[in-house]
Amino acid sequence: MNLDNLLTLDTLQLAKAMLGWRLRLDSEEGSYEGIIVETEAYLQGDPACHAYRTKTKRNAAMFGKPGTIYVYQIYGMHYCFNISGNEEGIGEAVLIRALEPTLGIELMKMRRNTASLKNLCSGPAKLVQAFGIHMDMNFWNVRTDALSLIPPQNLIVDNDIITTTRIGITQGADFPYRFYIKGNSFISKK
DNA sequence: TGCAGGATGTGA
DNA sequence: CACATCCTGCAA
């Protein structure tokens, strides 16, 4: 599957299909890459979705074209990184929850202030910090900007994907919208 | 090994 | 006032 095909999937399928793809950032200081190993989907009609009610200044990027990057601040101090799904005008996105670092590891260790490989990108706010992602990247697009998606080296099949409920929410807590690669040790929860 | 507590912008 | 989180410190 190529990037064009990936971004035509509905948001739930997109969240699953992104497993195994690599997230890459090219910045002044160097390049970062990690394999996407855990995602969550946030959909229309889903009370946990930031776009559940109205379009606001904060959630506007969720309504962008597929591949639009949505960065938001949470708990006043951390940031999370999403990729918008579905067509323009519909507020849906996939939250990237964990990566298996493959490139730029020394830079990540400095940014995260830890030497532990497993602790670099094993959470949505952690991977944001490891890559140095910030609010200026809100409304970027993975098609056109320095934050991009690279197709999988090893194809992830359905049998390799575990589906569970999402982490850290109470509204919509029963929806099975969290996906991760079976047996991968870089996910956010053991 | 587990959990309580704190930091604090945004929108209901 | 609840929240798509993480880290520290203290108890068991």
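Side chains included, hydrogens not; waters and symmetry mates left out as well; all remaining heavy atoms used. So that the names make sense, note that chain A is the first sequence line, chain B the second, and so on, each numbered from 1. Keep in mind the model is a prediction, meaning the values are calculated, not measured.
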> A/T114 pairs by side-chain contact (heavy atoms from CB on, under 4.5 Å) with which of A/R111, A/M110, A/R112?
Replying inline: A/R112
>> Rounding to an integer number of Å, can you tell me how far A/M77 CE sits from B/dA7 C1'?
In response: 5 Å
>> Whole angstroms only, please: what is the CD1-C1' distance between A/I74 and C/dT5?
In response: 6 Å
> Side chain of A/Q73: nearest nucleotide among C/dA4, C/dC3, B/dG9?
Replying inline: B/dG9
> Ring-on-base stacking between A/Y75 and B/dA7, under 5.5 Å between centres and under 30° between planes: is it there?
Replying inline: no
> For A/Q129 and C/dC7, what is the distance between atoms CD and P respectively, to the nearest whole Å?
Replying inline: 7 Å
>> Could you check whether the side chain of A/H50 and the base of C/dA4 have a donor-acceptor pair of N or O atoms closer than 3.5 Å, going by distance alone?
In response: yes
>> With a 3.5 Å limit on both atom pairs, tell me what C/dA4 is paired to, counting Watson-Crick and G-U wobble, or say none.
In response: none
> So which of A/R166, A/R178, A/K126 actually passes salt bridge (Lys or Arg N to Asp or Glu O under 4.0 Å) with A/E38?
Replying inline: A/R178
>> Let's see if you can work this out: which of C/dC6, B/dA7, C/dA4 has an atom nearest to the side-chain heavy atoms of A/A125?
In response: C/dC6
>> Does a side-chain N or O of A/R97 approach OP1 or OP2 of C/dT5 to a distance below 4.0 Å, or not?
In response: yes
>> Which is more 5' along DNA chain C, the nucleotide nearest A/E40 or the one nearest A/N113? Just name the residue.
In response: A/E40
> Just checking A/N82: base, sugar-phosphate only, or nothing, at a heavy-atom cut-off of under 4.0 Å?
Replying inline: base
> In the strands shown, is B/dT8 matched to any nucleotide by a Watson-Crick or G-U wobble pair with both distances under 3.5 Å, and which?
Replying inline: none
> Between atom NZ in A/K118 and atom C1' in C/dC7, what is the gap in whole Å?
Replying inline: 20 Å
>> Any side-chain N or O of A/S122 below 4.0 angstrom from OP1/OP2 of C/dC6?
In response: no
>> If I take atom CD1 in residue A/I169 and atom C1' in nucleotide C/dA4, what distance separates them, rounded to the nearest angstrom?
In response: 7 Å
